[in-house]
J.: 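Quick one: the structure is below, questions incoming.
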Amino acid sequence: MKSIDDLFKPLVAYHNVGHPADWDMQFDRKAPLDVEIGFGMGEFLVRSAKNSPERNIIGFEQIWERVVKTLKRIRREAGLLENIRILRMDVRVSLERLFGQRSIDNVYCLFPCPWPKKGHIKHRLFSTEFLKLVNSRLKAKGNLKIVTDFYPYYEWVLEQSKETGFKVTENTVQPQYDTKFERKWMEAGQEEFYEINMHKVRHVDVPVRKDVKLRSYKVKKFDPANFHFEDQIGKCSVVFKDIIFDEKKQKGIISLIVSELEMVQHFWVSVIKRDDGWRICKTEGQNIFPTEGIATALELVYQAAKSST
Ligand SMILES: C[S@@+](CC[C@H](N)C(=O)[O-])C[C@H]1O[C@@H](n2cnc3c(N)ncnc32)[C@H](O)[C@@H]1O
């Protein structure tokens, strides 16, 4: 019987690789690198790895249940462990921080979330800004392929693609990927989909974004009953949710929501009694991306703690 460790072997953790990561080293070989964004149940991802054993393939997916289903699919296909890696995280963060410029050969995205409501268009993935990021991570002549079921999304992506360094070609295509969402739309009666190919013709420079070093703070006194956090709303928002204080342990945990760009993170800050005062730091054990917003949240907790007495 295969062990549970085998199941999770293709999973790459944000904090366990360099920024940017050396992907040849992660795969233990030098090979062309393709990525799939939002692989869902992993049908296309696993098929691609199977059909192209000479290529390294990385999949991005945010939803844990879908990642686990895909990991099980990979395990069923024994030798595949060699050429698939999985990143369970927001592709915007991982492309920006874990991939060097000119490091990827091809990017695929099948049936991206369409966000059909007008007020939700800001959540769509392939904005001009994201297309520039994809461009910078692709090698010269690299290709991005997007297939969508939703005509307004197709039109929107074409609009967004201006000035992003791509030559764009479009097509309508027959169902051919046999993914959960392709099957869903076929069952609903859709017979063709909209395919956009973006060929990189000019490089757009988007440097690798570095993690922010998170510091800890110290205050002489701290009064949890008198702790008032002023929410910060703006380009980077930090919103207070709760404070839990353990009298016995003289330890508090402050829960915050940090949103910056499209990224929203739940963040916990600890305030712990020490001999010489109170230490304010990131609560251990949470998996957050160390961004400017997280650093700001820590600083704001420090300011609020200072004013609590
Ligand atoms: C409509 S589903 C399509 C799934 C699959 N490609 C298919 O054809 O069945 C879109 C997928 O993209 C994933 N996704 C959306 N935004 C993402 C992001 N920023 N980073 C990683 N995955 C994302 C979602 O979790 C979802 O599983």
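Counting starts at 1 for both ligands and their atoms, following the listed order.
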J.: Specify the protein heavy atom at minimum distance from atom 3 (C) of ligand 1: its residue, its atom name, and the distance to 0.1 Å.
T.: F111 O, 3.3 Å
J.: Atom 25 (O) of ligand 1: which of E61, E43, R66, Q62 has the nearest heavy atom?
T.: E61
J.: Around atom 20 (N) of ligand 1, find the nearest protein heavy atom and jot down its residue, atom name and distance.
T.: V91 N, 3.0 Å
J.: If you look at every heavy atom in Y153 and L125, which pair is closest and at what distance?
T.: OH-N, 3.7 Å
J.: Considering non-hydrogen atoms of the protein only, which is the closest contact for atom 8 (O) of ligand 1, and what is the distance?
T.: T179 OG1, 2.8 Å
J.: Answer yes or no: is there an ion pair linking D246 with K251, defined by an N-O contact shorter than 4.0 Å?
T.: no
J.: Please say whether F181 places an N or O atom under 3.5 Å from an N or O atom belonging to ligand 1.
T.: yes
J.: What donor-acceptor contacts under 3.5 angstrom involve side-chain atoms of residues 216-223, with partners at least two apart or in another chain?
T.:
{"unit_1": "Y217", "atom_1": "OH", "unit_2": "E299", "atom_2": "OE1", "d": "3.1"}
{"unit_1": "K218", "atom_1": "NZ", "unit_2": "D276", "atom_2": "OD2", "d": "2.8"}
{"unit_1": "D223", "atom_1": "OD1", "unit_2": "A225", "atom_2": "N", "d": "3.0"}

J.: One thing to verify: whether K180 and E43 come together as a salt bridge, which I'm taking to mean a side-chain N less than 4.0 angstrom from a carboxylate O.
T.: no
J.: Are any of the N/O atoms on G40, whether in the backbone or the side chain, positioned under 3.5 angstrom from an N/O atom of ligand 1?
T.: no
J.: Pull out every atom of ligand 1 sitting under 4.0 Å from any heavy atom of C113, numbered as shown with elements.
T.: 10 (C), 15 (C)
J.: Which residue and atom name correspond to the protein heavy atom nearest atom 4 (C) of ligand 1, and how close is it?
T.: G38 O, 3.4 Å
J.: Quick one: does any side-chain atom of K200 pair with a main-chain N or O of L138 as donor and acceptor, under 3.5 Å?
T.: yes
J.: Regarding Q160 and S127, is there a side-chain donor-to-acceptor distance under 3.5 Å anywhere?
T.: no
J.: With a cut-off of 4.0 Å, which atoms of ligand 1 are near a heavy atom of I63?
T.: 25 (O)
J.: For M89, take its heavy atoms, then give the atoms of ligand 1 lying under 4.0 Å from any of them.
T.: 20 (N), 21 (C)
J.: Which protein non-hydrogen atom lies closest to atom 19 (N) of ligand 1, naming both residue and atom, and how far is it?
T.: D90 OD1, 3.1 Å
J.: Any N or O on P112 sitting closer than 3.5 Å to an N or O of ligand 1?
T.: no
J.: So that I can tick it off, tell me whether R47 and E36 are bridged by a salt bridge, with the cut-off set at under 4.0 angstrom between side-chain N and carboxylate O.
T.: no
J.: Would a distance-only check, ignoring hydrogens and angles, find a side-chain to backbone donor-acceptor pair under 3.5 Å from E170 to Y194?
T.: no
